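This report refers to the structure that appears directly beneath it.
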Amino acid sequence: MSVPKLTYFAIRGRGELIRLVMAAAQKQLDEVKVDFASWEEMKPSLYGSTNLECLMIDQIVQLKEDILTVEIDTVLGSDQSKIRFIHFTLTCLFGNSGPIMSKPRMTYFKYRGRGELSRLVMAAAGKELDQRIVDVPTWLKMKPNTFFQRVPFIEIDGQEYFQGNAIATYLARENGLYGSTNLECLMIDQIVQMKEDILLEEIKSFVGSDDQKDQAAKDLPEVVYPRVMQIFERLIQQNPSKSGFVIGNKMTLADLAIFEGTQSCYQGNPRFMSNFPELMKLRQKVAEADGVRQYLATRKQTGI
Amino acid sequence: MVNPGRMTAFRADSSIVYVISPTLSEPQSKSRTHVSKPSKMSKPKLTYFDVRARGELARLVFVAAKKDFEDVRIDFASWPALKAKSTYGTLPILELNGKEYFQGNAIATYLAREHGLYGSNNLEGLMIDQVVDLKEDLLQEEAKTMFGSDADKEAAAKKLPEEIYPRVMKIFAHCIKQNAAKSGFLVGKQLSLGDLAIFEASQGCSKNHPKILDDFPEIKTVREKVASADGVKQYLAKRKDTPI
């Protein structure tokens with residue numbers, strides 16, 4: 001957890017209360033004291049470079065105003081008010097989620113591929129996923145300078161992580177879209193990994209020799225899709241809660257994985273998919289879920 | 001010869017296990033065999049081929065956690081007939097309290113979580129998951145040396161030490177170095193699924209191109225820690241060498 005840094009003038013004014021709070025809590029506070037002249041020059045560079053950063057800065061600025069308001073209360077009001085305010089400020093600074101952390105940012109192509117599952121998780125969670133979309137030529141230039149040399153990767157608090165499904169699982173866990181028991185987690189994981197198997201077969205129809213691509217294009221509708229759709233259909237039917245979701249009675253990463261895993265097949269052959277009624281109902285439930293619905297309305301269709 | 005009423009399999013210690021299919025009403029063999037009895041809290045049963053590949057990670061979790069399990073190994077010849085009757089059409093399969101689960105890494109992760117081998121928070125989980133997934137990517141490259149034309153197999157075998165192993169081992173070493181605890185383990189201060197995954201993933205490299213690992217002492221340390229862990233040590237001492 002990094003040390004909070006206060007930038008203010010070398011007067012008490014609106015900064016002193018913050019200094020006093022930190023002193024009372026015996027927490028370290030880094031300080032930058034600026035003179036009025038320097039401030040005018042610094043001001044533009046001390047604001048955010050993205051909308052989200054500006055929001056994060058604004059909310060702190062507004063918290064500062066709240067502190068000032070309460071400061072007045074504490075002078076005029078009771079000790080209870082003072083205690084509540086100190087508690088409130090400390091909670092904001094050192095609460096359960098810690099100091100305000102940077103938003104995770106995922107880098108990937110515009111395709112669904114290995115990034116879409118994370119996008120669907122964040123949509124379902126009603127959260128924004130900061131994204132850097134790269135085209136292939138840009139990626140090829142970036143690649144040697146990245147550590148993993150693979151996309152997607154996600155930056156969380158200055159550290160990079162990769163592997164699309166690991167990222168989606170992490171985001172699902174963070175946002176209550178994972179299992180509530182270890183066994184549910186196993187059932188979710190097996191579905192996510194089967195989705196990966198499907199993707200690997202689908203990729204074969206895009207890369208390789210013409211013979212290999214032809215064979216793969218044949219295998220998908222004749223061998224792969226029948227097998228996997230059957231398994232998804234059965235898993236949904238076997239859910240004892242009969243909720244229409246594949247696990248338990250609410251939407252989880254597994255439903256999103258089934259939705260995404262069947263997307264290419266559905267795009268290419270919706271009539272074939274109608275052989276799997278439970279699966280089609282699940283796709284419908286996911287497509288209509290709050291957050292996902294809005295996301296899908298603006299999503300551009302891609303082959304993979 | 002495989003009797004259609006039963007599945008012949010070989011246990012890890014080479015004794016034969018006859019698993020009775022549900023169509024037979026009574027067990028047939030007695031001595032030197034173990035008959036699977038349906039019971040409420042029966043031992044977990046892992047079924048896979050007699051290779052490491054996608055089953056070994058779950059086996060390592062069981063032995064590291066010192067949990068008893070049935071280690072059923074199917075020979076390749078028996079598989080097509082069994083596959084047609086199986087639920088998911090793929091191996092490994094974990095049978096737990098009468099239910100079946102598939103996907104080797106999902107199984108290994110479940111077992112790791114059950115037995116405290118999965119880190120202590122979500123970020124450690126992510127760190128472990130990415131290493132397990134990378135192991136899977138590597139396995140696919142290694143598998144290319146066993147399938148396809150001779151030219152394909154040779155090309156794949158050449159690519160491993162020239163490109164794949166150096167790149168992948170560097171990433172594993174980087175991940176180990178991220179551990180703030182500096183314990184030598186991938187996450188935290190104790191053995192986890194992540195270390196077992198790195199051990200398994202580096203097995204081929206260690207055996208066929210050991211010099212590559214000289215550049216990555218962090219990986220060698222993980223390998224030593226895994227190999228000397230109680231439970232794992234005993235298992236590895238009896239483990240047959242397999243190419244994959």
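Just so it is clear, the model here is predicted, and its values are computed rather than measured. A, B, ... follow the sequence lines: proteins, then strands. Residue 1 opens every chain.
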Counting heavy atoms not belonging to A/Lys250, are there more than 12 under 6.0 Å from its NZ? yes
Is atom NZ of B/Lys189 surrounded by more than 12 heavy atoms (other residues, nucleotides or ligands) closer than 6.0 Å? no
Residue B/Lys170 versus chain A: region with a heavy atom under 4.5 Å: both
Any idea which of B/Leu111, B/Leu126, B/Leu123 has the most non-hydrogen atom pairs under 4.5 angstrom with chain A? B/Leu126
Need one label for B/Thr90: side chain, backbone, both or neither, based on atoms under 4.5 Å from any heavy atom in chain A. side chain
So, A/Arg173 and B/Asp129, do they make that salt bridge, N to O below 4.0 Å? yes
Carboxylate-amine/guanidinium contact B/Arg167 B/Glu141, below 4.0 Å: no
Over 12 foreign heavy atoms within 6.0 Å of NZ, B/Lys158: no
Cation-pi, A/Tyr266 ring and A/Arg283 (6.0 angstrom, 45 degrees): yes
Write out, in numerical order, the residues from residues 192-221 of chain A with a heavy atom short of 4.5 Å from a heavy atom in chain B. A/Gln193, A/Met194, A/Asp197, A/Leu200
For chain B, which of A/Leu183, A/Thr169, A/Val228 has the most heavy-atom pairs under 4.5 Å? A/Leu183
Can a donor-acceptor pair be found between the side chains of B/Gln203 and B/Arg223 at a distance below 3.5 Å? yes
Using a 3.5 Å distance criterion without hydrogens, assess whether the side chain of A/Asp255 forms a donor-acceptor pair with backbone atoms of A/Thr252. yes
Region of B/Gln140 in contact with chain A, defined by heavy-atom distances below 4.5 Å: side chain
Is the distance between the ring centroids of B/Phe69 and B/Phe62 less than 6.0 Å? yes
Output the option from A/Met187, A/Gln159, A/Gln238 having the highest count of non-hydrogen pairs under 4.5 Å with chain B. A/Gln159
Identify which part of A/Phe232 has an atom lying under 4.5 Å from any heavy atom of chain B, answering side chain, backbone, both or neither. neither
